[in-house]
Amino acid sequence: MIFVRDIRLPLSAPQGQAVESALKTLRLSRRLVEGAEISKISVDARHGSPRLVYTVAVTLKDKGAETAFAGSAPCVAVIRQKPLELLRGTEKLAHRPVVCGLGPAGLFAALLLARQGLRPLVLERGPCLEKRVEAVDRFFEGSPLDPQANIQFGEGGAGTFSDGKLTTRIGDELCGFVTRILLEHGAPADIAVRQKPHVGTDKLRDVIRSIRGEIQALGGEVLFDTRLTGLIRREGRLCGVQTSQGQIPCEVLILAVGHSARDTFDMLMEQGLTLTCKPFSVGVRAEHLQSSIEEGLYHAAAGHPALPRGEYQLSRHYGERCVYTFCMCPGGQVVPAASEEGGVVTNGMSYHARDGANANAAVVVSVDGRDFGQDPRRAIGFQRQLEQAAFRAGGGDYTAPAETLGSFLEDRGRLELGRVQPSYARGVRACRMGELFPGELAELLRRGLADFDKRLPGYGAADTVLTGVETRTSSPVRLERNEEFACRQLEGLYPCGEGAGYAGGIVSAAVDGLRVARAILAKYGEVAL
Ligand SMILES: Cc1cc2nc3c(=O)[nH]c(=O)nc-3n(C[C@H](O)[C@H](O)[C@H](O)COP(=O)(O)OP(=O)(O)OC[C@H]3O[C@@H](n4cnc5c(N)ncnc54)[C@H](O)[C@@H]3O)c2cc1C
């Protein structure tokens, strides 16, 4: 694919002009072009009247001819998709490989194993998507939390109820393979070219179901409502797993349980495996009007129909800590994301259209093993304490504690609603948000929020709603693995994805699933049973 960047046009210019300009830069005739689409639009409002700055993605009918355009102009770049290279091993597995967890990491690992004929057996503690959506809807409407079927657990994993942002900084060639699979399974076509692709929770659900269908069609099996509860070993290597539905013999287990599987982390530690602490972050979810975010980003161009919904990412270091925004959802809603009874957790999701009135993003401050004496149990305990404190502050019925920003900066504990109406489905209740966090962290959140207003005008508006607490930003623990992606402490166990500490986000988790599956395929050729 050829990208032509930095095409600057006035607001009034039709988008087709950007495409024409790209083809002119490339000196390309239309008849050689398979597709030419807008990949990115930003606004340059620095000098006089704002201009739109386009990147256009061009594909040729003859893909082999694309490389010739590399370096043809400073604004031209060529990105080639490499085919997935696989080595196949010769060892024979007595039993099918087991994949634990059907989030992006487990889903993509299972898909690759299935495509290579290893017929994986997938264990998922939560229900299938249809039942999970029902359970989440019931919880949103006021029913008790189901600890096995919620925003964290169930088919599709943590990102199912999300914005479905596919941005990642990992720069792995497998990212292209993930995009291709998502497209094959019905994701919107523009994810192939957009610089900040997103799917939306509505469309993502169908994609997940469709990938699971392919795994099953290739001989894989998915056991829903089946929780991994123990590892069975013989002579220092894995020979089976204990589940909530009984024992299953296996020599290979991909452990892709996500960052919220605290009971599974406990089980691993009780069985003598060493988990280490890794950095994560905690804070609140900030809600603004989407229109005010766009005014801050696009200035006089805000509201122009050519512009995408405004997104932002802000960060600021204070000594060894960083305050940053995370998982921004344009036109989205704040969702109740707890998976344990007696805790309140926030996160964000949006539909493909991103047409809600509010923008939301986590505003979090980093913590790491030094805060917890390098003890993973203390790190998990810290997350849980924050969630339980938020539960109590909300009144003990999953209402979330909230405070408007003007009040938070002055520590007044008030919810002085103005233009922004909180979107959290279980309702919010005024509280002193600063009291939920250790003093240093609360103070840094205040400093960060005040400083972000200098970067994005309007960010610090007094009626910005802060809802809490945001604790599940990434896994607090890691299970170390070797160069072959296997656990250093137990042969046959393959830690994978976000929960094991090797990913952060949908695409990086999917890529990690592929990496682990590739390592297993490089060792094993076939399955006996
Ligand atoms: C509301 C929300 C919005 C998000 N938005 C985005 C976004 O827009 N873009 C983005 O890149 N990332 C987003 N994320 C983060 C992203 O979802 C995660 O990074 C990603 O899902 C991690 O993938 P994973 O497969 O490693 O783990 P998970 O997705 O957490 O999947 C783990 C799976 O394992 C299952 N499991 C756990 N324990 C067991 C057990 N003992 N036995 C059997 N099964 C078990 C769980 O039920 C779960 O299905 C969001 C997360 C949330 C919660």
Side-chain angles (χ1 to χ4, degrees), residues 98-110 122-129 132 136 147-170 175 178 196-201 204 208 212 222-231 241-245 253-268 285 311 326-330 332-339 345-350 354 360-362 470-475 495-513 516:
V98 171
V99 178
C100 182
L102 201 54
L107 192 69
F108 277 76
V122 183
L123 313 178
E124 169 52 55
R125 73 190 300 158
C128 66
L129 244 161
R132 182 182 180 199
V136 169
Q148 308 302 336
N150 47 57
I151 291 260
Q152 308 290 348
F153 295 157
E155 182 175 15
T160 307
F161 300 85
S162 77
D163 180 45
K165 273 179 289 299
L166 302 179
T167 36
T168 175
R169 292 199 214 121
I170 59 171
C175 294
V178 171
K196 290 184 180 173
H198 99 109
V199 182
T201 179
L204 193 59
I208 291 164
R212 185 244 294 173
V222 180
L223 302 180
F224 289 112
D225 305 306
T226 305
R227 188 163 53 93
L228 175 77
T229 55
L231 306 175
V241 290
Q242 186 70 48
T243 80
S244 51
Q245 311 295 337
L253 168 68
I254 298 182
L255 187 78
V257 292
H259 56 36
S260 291
R262 293 170 180 166
D263 54 349
T264 314
F265 298 149
D266 279 343
M267 176 275 286
L268 296 173
R285 230 334 97 196
E311 292 176 65
F326 176 74
C327 186
M328 195 253 158
C329 299
Q333 54 187 277
V334 181
V335 290
S339 57
V345 181
T346 52
N347 214 305
M349 84 174 187
S350 44
R354 287 179 161 176
N360 73 69
E470 194 89 14
T471 48
R472 313 277 181 101
T473 50
S474 71
S475 184
C496 181
E498 180 146 17
Y502 295 97
I506 295 170
V507 172
S508 64
V511 163
D512 201 55
V516 169

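Ligands are counted one by one from 1 in listed order, and the atoms in each one are counted from 1 as well. All of these numbers come straight from a predicted model, not from anything done at the bench.
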Please determine if Lys165 has a nitrogen or oxygen closer than 3.5 Å to a nitrogen or oxygen of ligand 1.
yes
Where is the nearest protein heavy atom to atom 14 (N) of ligand 1: which residue, which atom, and how far?
Gly159 CA, 4.4 Å
Shortest non-hydrogen contact from Phe161 to Asn150?
CE1-O, 4.4 Å
Using a 4.0 Å cutoff against the non-hydrogen atoms of Asp163, which atoms of ligand 1 qualify?
8 (O)
Protein contact to atom 41 (N) of ligand 1 [nearest heavy atom, distance to 0.1 Å]
Thr264 OG1, 2.9 Å
Atoms of ligand 1 under 4.0 Å from any heavy atom of Ala509, numbered from 1 in the order shown, are 22 (C), 23 (O), 24 (P), 26 (O)
Ligand 1 atoms in contact with Ile151 (distance to a heavy atom under 4.0 Å)
1 (C), 53 (C)
State whether Glu155 and Arg132 are salt-bridged, where the test is any N-O pair (Lys NZ or Arg NE/NH1/NH2 against Asp/Glu carboxylate O) under 4.0 Å.
no
Taking distance alone, with no angle check, do Glu498 and ligand 1 share an N/O pair under 3.5 Å?
yes
His198 meets the ring pair (Phe, Tyr, Trp, His ring centres under 6.0 Å) criterion, sequence neighbours left out, with His352
Please check this pair: side chain of Thr160 against backbone of Ala158, looking for a donor-acceptor N/O pair closer than 3.5 Å.
no
Set of side-chain contact (heavy atoms from CB on, under 4.5 Å) partners for Ala509, sequence neighbours left out
Pro104, Ala105, Ala503
For Ser508 and Thr168, the nearest pair of non-hydrogen atoms, with its separation, is CB-OG1, 4.0 Å
N/O donor-acceptor pair under 3.5 Å between Glu124 side chain and Gly154 backbone
yes
Short N or O distance, His259 and ligand 1, threshold 3.5 Å exclusive
no
Considering Arg132, Arg262, Arg125, Glu124 one by one, which has a heavy atom nearer to atom 39 (C) of ligand 1 than any of the others?
Arg125
Minimum heavy-atom distance Pro127-Ala149, with the two atoms named
CD-CB, 3.5 Å
Where does Leu228 meet ligand 1, judged by heavy-atom distances below 4.0 Å: at the side chain, the backbone, both, or neither?
both
Decide whether Glu470 and Thr346 meet the rule of one side-chain donor and one side-chain acceptor closer than 3.5 Å.
yes
Could you go through Glu498 and Ser475, starting from their C-alpha distance and side-chain angles, then the distance that decides it, and tell me whether this counts as side-chain hydrogen bond (donor to acceptor under 3.5 Å, both in side chains)?
CA-CA 6 Å; Glu498 180 146 17; Ser475 184; over 6 Å; no
Can you sort out which atoms of ligand 1 are near Ala261, meaning under 4.0 Å from one of its heavy atoms?
37 (C), 38 (N)
Atoms of ligand 1, numbered as shown, that sit under 4.0 Å from any heavy atom of Gly258
27 (O), 28 (P), 30 (O), 32 (C)
How far is atom 37 (C) of ligand 1 from its nearest protein heavy atom, and which residue and atom name does that atom have?
Val257 O, 3.1 Å
Would you mind checking if Asp163 and Lys196 are paired as a salt bridge, meaning a charged N to carboxylate O distance below 4.0 Å?
no
Any N or O of Gly505 closer than 3.5 Å to N or O of ligand 1
yes
Which protein heavy atom lies closest to atom 34 (O) of ligand 1, and at what distance to 0.1 Å?
Gly101 CA, 3.2 Å
Is the contact between Cys327 and ligand 1 made by the side chain, the backbone, both, or neither, using heavy atoms and a 4.0 Å cut-off?
side chain
Looking at ligand 1, is there an atom of it that comes within less than 4.0 Å of some heavy atom belonging to Leu107?
no
Heteroatom proximity flag, Pro104 to ligand 1, N/O under 3.5 Å:
yes
Judged by heavy atoms only, the candidate from Gly513, Gly103, Ala500 nearest atom 31 (O) of ligand 1 is Gly103
For ligand 1 and Gly164, I'd like to know whether there is a polar contact (N/O to N/O, distance under 3.5 Å).
yes
For ligand 1, which atoms sit closer than 4.0 Å to a heavy atom of Thr226?
43 (C)
For Cys100, which part has a heavy atom under 4.0 Å from ligand 1: side chain, backbone, both, or neither?
side chain
If you look at every heavy atom in Leu228 and Cys100, which pair is closest and at what distance?
CB-SG, 3.6 Å
Main chain of Met328, side chain of Lys165: is a donor-acceptor contact present, judged purely on distance under 3.5 Å?
yes
Ligand-side contact atoms (ligand 1) for residue partner Phe153, heavy atom cut-off under 4.0 Å:
46 (C), 47 (O)
Any chance you could lay out the side-chain hydrogen bond (donor to acceptor under 3.5 Å, both in side chains) test for Arg262 and Ser339, step after step, and finish with the verdict?
CA-CA 10 Å; Arg262 293 170 180 166; Ser339 57; 5.9 Å; no
Quick one: does Met349 get within less than 4.0 Å of ligand 1, heavy atoms only?
no
Is any N or O atom of Ile506, backbone or side chain, closer than 3.5 Å to an N or O atom of ligand 1?
yes
Using a 4.0 Å heavy-atom cut-off, say whether Thr229 meets ligand 1 through its side chain, its backbone, both or neither.
neither
Can any side-chain N or O of Gln148 pair as donor or acceptor with the backbone N or O of Asp225 at less than 3.5 Å?
no
Could you identify the single nearest non-hydrogen protein atom to atom 1 (C) of ligand 1 and state the distance to 0.1 Å?
Phe161 O, 3.0 Å
Per atom 29 (O) of ligand 1, closest listed option by heavy atom (Ala149, Ser508, Pro336, Ala158)
Ala158
Thr201 (side chain) donor-acceptor with Met349 (main chain) under 3.5 angstrom
no
Atom 25 (O) of ligand 1: nearest protein contact (heavy atom, Å):
Ala105 N, 2.9 Å
Could you find the nearest protein heavy atom to atom 6 (C) of ligand 1 and give me its residue, atom name and distance?
Ser162 CB, 3.7 Å
When every non-hydrogen atom of Gly348 is compared with those of Asn360, the smallest separation belongs to CA-OD1, 3.6 Å
With heavy atoms and a 4.0 Å threshold, my read on which part of Ala256 contacts ligand 1 is backbone
Do any N/O atoms on Gly156 end up under 3.5 angstrom from N/O atoms on ligand 1?
no
Can you give me the closest heavy-atom contact between Asn347 and Cys327, atom names plus distance?
OD1-SG, 3.8 Å
Taking only non-hydrogen atoms of Gly348, do any sit less than 4.0 angstrom from ligand 1?
yes
Going by the atom numbers of ligand 1, which of them fall below 4.0 Å from some non-hydrogen atom of Gly154?
47 (O), 49 (O)
Output for pair (Gln245 CD, Leu223 CG), nearest 0.5 Å, gives 8.0 Å
